[in-house]
Amino acid sequence: MSYEINQVLPRSFGRLKSSESHISTLASQLRGVLASLLPRYGLLIGFLAFWQVSSTRGWVNPAIFPPLDVILSALWTNLANGALLDDIAISLQRSGTAFAFAVVIGIPLGLFMGQVRAVEQALDPILQLFRQTSALALYPVFILLLGLGETSKIFVIFWATLFPVLLATISGVKEVDKKLIEMARTYGAGPLTIFRRVILPASVPAIFVGLRLSATTALLLLIAAEMIGANKGIGFQVMNAQYNFQIPLMFAAILLLAFLGLAANALLVLLQRRLCRWSQPSR
């Protein structure tokens with residue numbers, strides 16, 4: 001009997017020691033994750049926690065600022081029953097179409113204007129005039145010209161998203177190091193080769209800055225476009241919920257828009273990192 005106890009106890013202590021070591025490793029990893037997240041997201045987490053506590057404790061009117069769990073419940077319910085799925089699809093179609101047109105027109109035009117100084121000087125004044133004119137102020141004009149249908153909604157989003165892409169592309173081309181272009185010419189590269197091998201790659205980081213700004217602008221203008229003459233879309237749901245005093249649903253639609261914006265930005269950042277590995281700082 002004593003022999004069996006002497007054999008079992010060391011194995012038990014060994015398993016206990018291994019378990020303690022595993023727990024200590026998990027705790028160390030958790031501390032590392034918190035140490036990396038808190039400096040970046042600590043303020044956001046604190047704000048959300050304050051919102052939840054202040055609403056549930058009655059510090060603010062919960063009819064106007066519902067608790068976050070109520071908002072998330074409304075979001076999940078309307079996603080699960082499909083009430084918001086059609087609105088998401090329609091909104092993404094509108095903003096995605098406008099964003100695609102802005103990219104297709106803005107990047108080639110920006111590359112051309114950035115290289116031909118005479119064209120840039122001729123077009124810059126009118127571009128600056130249009131850029132400083134709010135797209136929302138021009139929306140009634142677009143409605144008069146294009147009607148209340150999809151065309152005017154897509155066009156007002158396109159109008160607002162075009163200029164960030166265009167101006168960022170022009171700036172990226174103009175900021176290309178002239179010494180790189182001179183070096184390429186010294187080695188016998190022609191204009192097309194210089195554009196393809198020097199100017200375009202060097203302009204890509206600036207172009208992605210414009211793309212990220214345009215993606216954000218597309219979602220912002222989407223709300224305004226869908227608040228007038230629309231019967232579908234996330235922006236319509238925001239206004240409809242507000243009119244019917246469905247405040248949790250209204251905040252749920254706003255939160256959904258924020259998630260879509262974050263997803264679009266994260267996708268563009270990931271694409272930029274894959275295409276511009278050479279421009280990433282070494283760690």
Novice: With distance as the sole test, does D124 use its side chain to make a donor-acceptor pair with the main-chain N or O of E120 at under 3.5 Å?
Specialist: no
Novice: Test your reading of the model: is there a side-chain donor-acceptor pair from D87 to the backbone of G233, 3.5 Å cut-off?
Specialist: yes
Novice: Considering all heavy atoms of both residues, which atom of V165 and which atom of T169 are nearest to each other, and what is their separation?
Specialist: O-OG1, 2.7 Å
Novice: Looking only at atom types and distance, does a side-chain atom of T161 sit under 3.5 Å from a main-chain N or O of S214, one as donor and one as acceptor?
Specialist: no
Novice: Are side-chain heavy atoms of V269 and R273 found at a separation under 4.5 Å?
Specialist: yes
Novice: In the single-linkage hydrophobic clustering (I, L, V, M, F, W, Y; side-chain heavy atoms under 4.5 Å), do V141 and F158 co-cluster?
Specialist: yes
Novice: Give a yes or no on whether the backbone of G261 and the side-chain of N265 come within a donor-acceptor separation of less than 3.5 Å.
Specialist: no
Novice: Please work out which of the three classes, parallel, tilted or perpendicular, describes the rings of W159 and F163, given edges at 30° and 60°.
Specialist: perpendicular
Novice: Minimum heavy-atom separation for P248 and I71, please, with both atom names.
Specialist: O-CG2, 4.1 Å
Novice: To the nearest 0.5 Å, how far apart are CD in Q237 and CG in L256?
Specialist: 10.0 Å
Novice: Measuring from L72:CG to W76:CH2, what's the distance to the nearest 0.5 Å?
Specialist: 11.5 Å
Novice: Might you point out which heavy atoms bring P201 and F195 nearest each other, and give the distance in Å?
Specialist: CD-O, 4.1 Å
Novice: State, to 0.1 Å, how close I199 and V176 come at their nearest heavy-atom pair, and which atoms those are.
Specialist: O-CG2, 4.0 Å
Novice: Is the side chain of Q115 donor-acceptor paired with the backbone N or O of L111 at a distance under 3.5 Å, no angle test?
Specialist: yes
Novice: Using only atom types and a distance under 3.5 Å, with no angle test, would you say the side chain of S91 pairs donor to acceptor with the backbone of I88?
Specialist: no
Novice: Let me check something: do L262 and V209 share a hydrophobic cluster, defined by ILVMFWY side-chain heavy atoms less than 4.5 Å apart, either directly or through other members?
Specialist: no
Novice: Mind checking whether L211 and F99 have side chains closer than 4.5 Å, heavy atoms only?
Specialist: yes
Novice: Are F245 and V70 joined in one hydrophobic group, where the rule is that I, L, V, M, F, W and Y side chains link up if heavy atoms are under 4.5 Å apart?
Specialist: no
Novice: Do the side chain of S73 and the main chain of D69 share a donor and acceptor less than 3.5 angstrom apart?
Specialist: no
Novice: Do L84 and L75 make a side-chain contact, defined as non-hydrogen atoms from C-beta onward lying under 4.5 Å apart?
Specialist: yes
Novice: Do you reckon L257 sits in the same ILVMFWY cluster as Y243, going by side-chain contacts under 4.5 Å, direct or chained?
Specialist: yes
Novice: Might you work through the side-chain contact (heavy atoms from CB on, under 4.5 Å) test for L260 and I234, ending with a clear yes or no?
Specialist: CA-CA 11 Å; L260 292 176; I234 303 176; 3.6 Å; yes
Novice: Closest approach of G235 and I223, non-hydrogen atoms and distance?
Specialist: CA-CD1, 3.9 Å
Novice: So, taking the atom named CD in Q242 and the one named CD1 in I254, what distance separates them when rounded to the nearest 0.5 Å?
Specialist: 9.5 Å
Novice: Is atom CG of L270 surrounded by more than 12 heavy atoms (other residues, nucleotides or ligands) closer than 6.0 Å?
Specialist: yes
Novice: Any idea which heavy atoms bring M250 and V238 closest together, and the distance?
Specialist: CG-O, 3.7 Å
Novice: Show, in sequence, the C-alpha distance, side-chain angles and deciding distance for F155 and F101, and conclude whether the side-chain contact (heavy atoms from CB on, under 4.5 Å) test is met.
Specialist: CA-CA 9 Å; F155 194 82; F101 276 115; over 6 Å; no
Novice: CD1/I157 to CG/L221 distance, rounded to the nearest 0.5 angstrom?
Specialist: 6.5 Å
Novice: Do any pairs count as a side chain to side chain donor-acceptor pair (under 3.5 Å) and have a residue in residues 93-104, sequence neighbours left out, and if so which ones?
Specialist: R94-E150, R94-E226
Novice: Among the clusters formed by ILVMFWY side chains lying less than 4.5 Å apart, do L79 and L92 turn up in the same one?
Specialist: yes
Novice: Is there a side-chain hydrogen bond (donor to acceptor under 3.5 Å, both in side chains) between E175 and S171? Walk through the geometry before answering.
Specialist: CA-CA 6 Å; E175 290 177 1; S171 176; 3.1 Å; yes
Novice: Carefully, step by step, assess I64 and I247 under the rule side-chain contact (heavy atoms from CB on, under 4.5 Å).
Specialist: CA-CA 7 Å; I64 299 177; I247 305 303; 5.7 Å; no
Novice: Apply ring-ring contact (aromatic ring centres under 6.0 Å, His included) to Y139 and list each qualifying residue two or more places apart in sequence or on a separate chain.
Specialist: none
Novice: Supply the atom-to-atom distance L219 CG to T216 OG1, rounded to the nearest 0.5 angstrom.
Specialist: 7.0 Å
Novice: Begin with the C-alpha distance, continue with both residues' side-chain angles, and end with the deciding distance and a verdict on side-chain contact (heavy atoms from CB on, under 4.5 Å) for L138 and V156.
Specialist: CA-CA 8 Å; L138 293 174; V156 71; over 6 Å; no
Novice: N244 side chain to Q246 main-chain N or O, any donor-acceptor pair under 3.5 Å?
Specialist: no
Novice: Rounded to the nearest 0.5 Å, what's the gap from CD1 on I194 to CD on E182? Could you check?
Specialist: 10.0 Å
Novice: Using only atom types and a distance under 3.5 Å, with no angle test, would you say the side chain of Q52 pairs donor to acceptor with the backbone of L68?
Specialist: yes
Novice: Taking the hydrophobic residues Ile, Leu, Val, Met, Phe, Trp and Tyr, and joining any pair whose side-chain heavy atoms are under 4.5 Å apart, which ones share a cluster with V53?
Specialist: F50, W59
Novice: Any donor-acceptor pair under 3.5 Å linking the side chain of T151 with the backbone of G147?
Specialist: no
